[in-house]
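Order of listing sets the numbers, starting from 1, for every ligand and every atom in it. Just the heavy atoms: all of them, side chains too, but no hydrogens, waters or symmetry mates, feed the values below. Keep in mind the model is a prediction, meaning the values are calculated, not measured.
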Amino acid sequence: MTQVTYFGHSCFLVETSGAKVLFDPFITPNDLAKEINLDSISCDYIFVSHGHFDHVADLETLANKTGAKVIGSWELHSWLNKKGITNTHPMNIGGIWDFGFAKVKMVYASHSNSLPDDTYGGTAAGYVFQNADTCFYYAGDTALTYDMKLIAEDYKLDFAFLPIGNNFTMNAADAAKAAGFINCNTIIGMHYDTFGYIKINRELATKEFRNKGVELRLLNIGETITN
Ligand code: NI
Ligand code: MN
């Protein structure tokens with residue numbers, strides 16, 4: 001059983017195979033996530049797709065508070081180490097590591113990457129997770145890219161997190177196309193509605209996916225679902 005809790009923007013907590021895995025913590029600056037209390041979040045791992053502010057705003061706080069292992073680019077790992085956060089695991093695109101609760105592959109994301117102080121952040125990334133219970137893809141911020149087809153060659157995804165907000169990432173139409181590339185019919189939308197550039201029409205977005213026979217799930221902030 002895999003549980004997914006939404007904390008707004010691209011931040012999710014996935015509980016699978018006894019591990020609590022947090023993605024791209026951006027909660028306290030998010031007006032839409034006001035009811036989420038950082039102190040209520042516990043996690044064993046924090047996976048970071050890239051270093052933009054809307055993905056790492058609460059990273060240092062949560063890493064220090066939870067002691068979770070932080071996974072990201074080599075550049076993120078070095079940046080955190082200099083800040084005294086040393087429970088980190090650097091990866092780079094194409095690498096696979098067995099974290100015990102799942103084997104995780106870091107995959108390409110077509111996006112830029114810098115840290116909030118303008119330090120170079122390495123290549124932006126997504127992650128594919130595989131264990132006995134589930135297989136899923138967290139895309140991070142990305143454009144539609146043919147590289148996504150490689151994921152479908154090697155994995156049978158149960159579900160995937162895709163950005164749908166447009167302007168900085170794919171829009172819903174491209175994300176629906178991406179669902180075809182990765183051969184996955186259950187998509188959890190992310191990176192939409194948080195701020196002005198990425199406001200979406202939910203009905204139209206859902207329709208883009210439905211037209212392709214794909215279910216788009218738009219979670220309420222604070223909601224937990226079982227996949
Ligand atoms: Ni970004
Ligand atoms: Mn972003």
Side-chain angles (χ1 to χ4, degrees), residues 4-14 21-34 36 38 41 46-63 70-80 90-93 106-128 136-145 147-148 151 160-179 182 187-202 205 216-219 221:
V4 176
T5 302
Y6 190 36
F7 294 132
H9 200 52
S10 294
C11 183
F12 294 87
L13 182 74
V14 176
V21 182
L22 189 73
F23 292 91
D24 287 7
F26 172 76
I27 297 162
T28 52
N30 183 357
D31 282 345
L32 303 179
K34 275 196 163 51
I36 305 298
L38 272 201
I41 298 174
I46 304 174
F47 282 80
V48 180
S49 65
H50 66 297
H52 289 157
F53 176 71
D54 58 319
H55 300 261
V56 300
D58 294 312
L59 177 60
E60 287 172 63
T61 306
L62 284 170
V70 181
I71 297 91
S73 67
W74 175 266
E75 290 77 6
L76 179 82
H77 151 87
S78 304
W79 187 74
L80 290 173
M91 290 186 79
N92 214 327
I93 307 299
M106 186 186 245
V107 296
Y108 177 70
S110 185
H111 195 70
S112 62
N113 189 10
S114 55
L115 290 150
D117 60 6
D118 290 334
T119 303
Y120 171 63
T123 307
Y127 299 95
V128 182
F136 68 93
Y137 168 45
Y138 180 89
D141 280 9
T142 184
L144 178 66
T145 158
D147 282 45
M148 290 168 175
I151 295 170
F161 300 92
L162 298 181
I164 59 170
N166 202 7
N167 193 69
F168 296 117
T169 69
M170 304 189 276
N171 64 9
D174 274 359
K177 214 170 180 179
I182 61 175
I187 302 300
I188 298 173
M190 63 180 183
H191 213 271
Y192 64 93
D193 278 355
T194 317
F195 32 77
Y197 294 117
I198 61 172
K199 296 256 192 271
I200 65 159
N201 180 320
R202 292 178 181 222
L216 174 66
R217 304 191 74 164
L218 300 177
L219 275 54
I221 295 173

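Its N, O or S atom nearest to the Mn ion (ligand 2) is what matters here, and for D54 that atom is OD2. Between the Mn ion (ligand 2) and the N, O or S atoms of D141, the shortest distance is to OD2.
In this structure, the side chains of L22 and C11 come closer than 4.5 Å at one or more pairs of heavy atoms. Using a 4.5 Å heavy-atom cutoff, the side chains of P116 and W79 are in contact. Side-chain atoms of I27 and I41, non-hydrogen and from C-beta on, do get closer than 4.5 Å to each other. T123 places none of its side-chain heavy atoms less than 4.5 Å from the side chain of N113.
Among the atoms of H55, an N, O or S atom falls under 2.8 Å of the Mn ion (ligand 2). Between the Mn ion (ligand 2) and H191 there is an N/O/S contact shorter than 2.8 Å.
Judged purely by distance below 3.5 Å, without hydrogens or angles, the side chains of H52 and D141 never pair a donor atom with an acceptor atom. Between T194 and N30, the side chains place no donor N or O within less than 3.5 Å of an acceptor N or O (distance only, hydrogens not considered).
In this structure, F168 has its ring center no closer than 6.0 Å to that of H111.
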Under the criterion ring-ring contact (aromatic ring centres under 6.0 Å, His included), I'd like the reasoning laid out for Y138 against F161: C-alpha separation, chi angles, the key distance, then a yes or no.
CA-CA 5 Å; Y138 180 89; F161 300 92; 5.7 Å; yes
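Protein N/O/S atoms nearer than 2.8 Å to the Ni ion (ligand 1) total 4.
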